[in-house]
Amino acid sequence: MTATLPRASRPDSRRPGTRTSAATRNDATSTRSAHLPTRLRPADLLRITDQGVADVLDGTYDHLLPQSWDPVERWAARLESDDDLDLWLISWTPDRSTELHDHAGSLGALTVLSGSLREYRWTGRDLALRVLGPGDQAAFPLGWVHDVQRHDPLPTAEGGDGELASGPTLSVHAYSPPLTAMSFYAVTEHATLRRTRTELTDEPE
């Protein structure tokens, strides 16, 4: 029996008018852009990840889910893949950072299925923080440098546990074209980015 998904995320992750089939995706993106490495635009990737969340909740990918959610190590499964697109389901665990990175020549997008994520994005001057909850989305154009982590609210002032997530923190990610490389960065004492390494990979971050 595979791990169950949190029921509380179902209403938040479904928004009328955002579901799209593969045929609709192809029709909507038939016009190629000369300055992008893919025929899919960020808006298309947002719709695709939203549809991916709906399909996960509908049980389409139950056969890919683990028997139980690892509380320490992150987990990922490729849901769909073709020449244009990789679609992933990712689980997030406490105290695990992706590090500051880009997606090389790939565009990206995500939709949060359950739990919350925090993203630190390089603005050109500093790191800007945003928190993404269930149903929230984010797109990553070329040159986007960020670090994504699981977000757990702090304990309340009264010493309670706060609103800590009771189930897995999950998100669906799309990359187009499929990932082939990522570069990783550090912020210098002069408030600039320094690239620390580049890795060839088809695994998501």
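Given the structure is predicted, the values throughout are model-derived calculations rather than measurements.
Side chain of Arg118 to backbone of Arg150: a donor-acceptor contact under 3.5 angstrom is found. Proximity of a side-chain donor or acceptor of Thr169 to a complementary backbone N or O of Gly115 within less than 3.5 Å is not detected. Using a distance-only test at 3.5 Å, with no hydrogens or angles considered, a donor-acceptor pair links the side chain of Ser176 to the main chain of Asp84. Judged by distance alone, with hydrogens and angles left aside, the side-chain atoms of Asp58 form no donor-acceptor pair with the main-chain N or O of Thr60 at under 3.5 Å. Here the side chain of Thr123 pairs no donor or acceptor atom with the backbone of Ala128 at under 3.5 angstrom.
For the pair Ile90/Leu110, no side-chain contact is recorded, criterion being any heavy-atom separation below 4.5 Å from C-beta on. Side-chain contact check for Leu89 versus Tyr61: every heavy-atom pair is 4.5 Å or farther apart. A 4.5 Å side-chain heavy-atom check between Leu79 and Val56 finds at least one atom pair inside the cut-off. Residues Trp92 and Thr98 form a side-chain contact, since some pair of their non-hydrogen atoms from C-beta on lies under 4.5 Å apart. In this structure the side chain of Gln51 never reaches within 4.5 angstrom of the side chain of Thr111, judged on heavy atoms. Using a 4.5 Å cut-off on side-chain heavy atoms (C-beta onward), Ile48 and Val172 make no contact.
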Could you walk me through whether Asp50 and Arg47 pass the salt bridge (Lys or Arg N to Asp or Glu O under 4.0 Å) test, one step at a time? CA-CA 5 Å; Asp50 192 75; Arg47 286 193 294 271; over 6 Å; no

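For the residue pair Asp44 and Arg39, the shortest heavy atom distance occurs at OD2-O, 4.3 Å. Shortest non-hydrogen contact noted between Pro168 and Ser114 is O-OG, 2.7 Å. In terms of heavy-atom proximity, Ala181 sits nearest to Ala104 at O-CB, 3.2 Å. Across Gln149 and Ser97, no two heavy atoms sit closer than the pair NE2-OG, 3.8 Å. Across every non-hydrogen atom of Pro178 and Asp82, the tightest pair is CG-O, 3.4 Å. The two atoms that bring Leu85 and Ala174 nearest to each other are CD1-CB, 3.8 Å, heavy atoms only.
Note that the NE2 atom of His146 and the CD atom of Glu99 stand 12.0 Å from one another [nearest 0.5 Å]. Distance check, rounded to the nearest 0.5 Å: OG1 of Thr49 to CG of Leu113 gives 10.5 Å. The line from CD of Gln67 to CG of Asp70 is 13.5 Å long, rounded to the nearest 0.5 Å. Ser106 OG to Trp144 CH2: the interatomic distance, rounded to the nearest 0.5 Å, is 16.0 Å. Once rounded to the nearest 0.5 Å, the distance linking NE2 of His173 with CH2 of Trp88 reads 11.0 Å. To the nearest 0.5 Å, atoms CG (Leu107) and CG (Leu179) are separated by 10.5 Å.
The aromatic rings of His103 and Phe140 are tilted relative to each other, their planes meeting at an angle between 30° and 60°.
Note: the hydrophobic cluster containing Val131 does not contain Val112 (ILVMFWY, side chain heavy atoms under 4.5 Å, direct or indirect links). With hydrophobic clusters built from ILVMFWY side chains whose heavy atoms lie under 4.5 angstrom apart, Leu127 does not share a cluster with Leu132. Linking Ile, Leu, Val, Met, Phe, Trp and Tyr residues whenever their side-chain heavy atoms come within less than 4.5 Å places Leu142 and Leu40 in a single cluster. Grouping the Ile, Leu, Val, Met, Phe, Trp and Tyr side chains by contacts below 4.5 angstrom, directly or via other members, places Met182 apart from Val187.
Applying side-chain contact (heavy atoms from CB on, under 4.5 Å) to Tyr185 and the options Asp147, Thr192, Leu100, Thr196 leaves one that passes, Leu100.
Enclosure of atom CZ in Arg78 by more than 12 non-hydrogen atoms of other residues, nucleotides or ligands within 6.0 angstrom is indicated.
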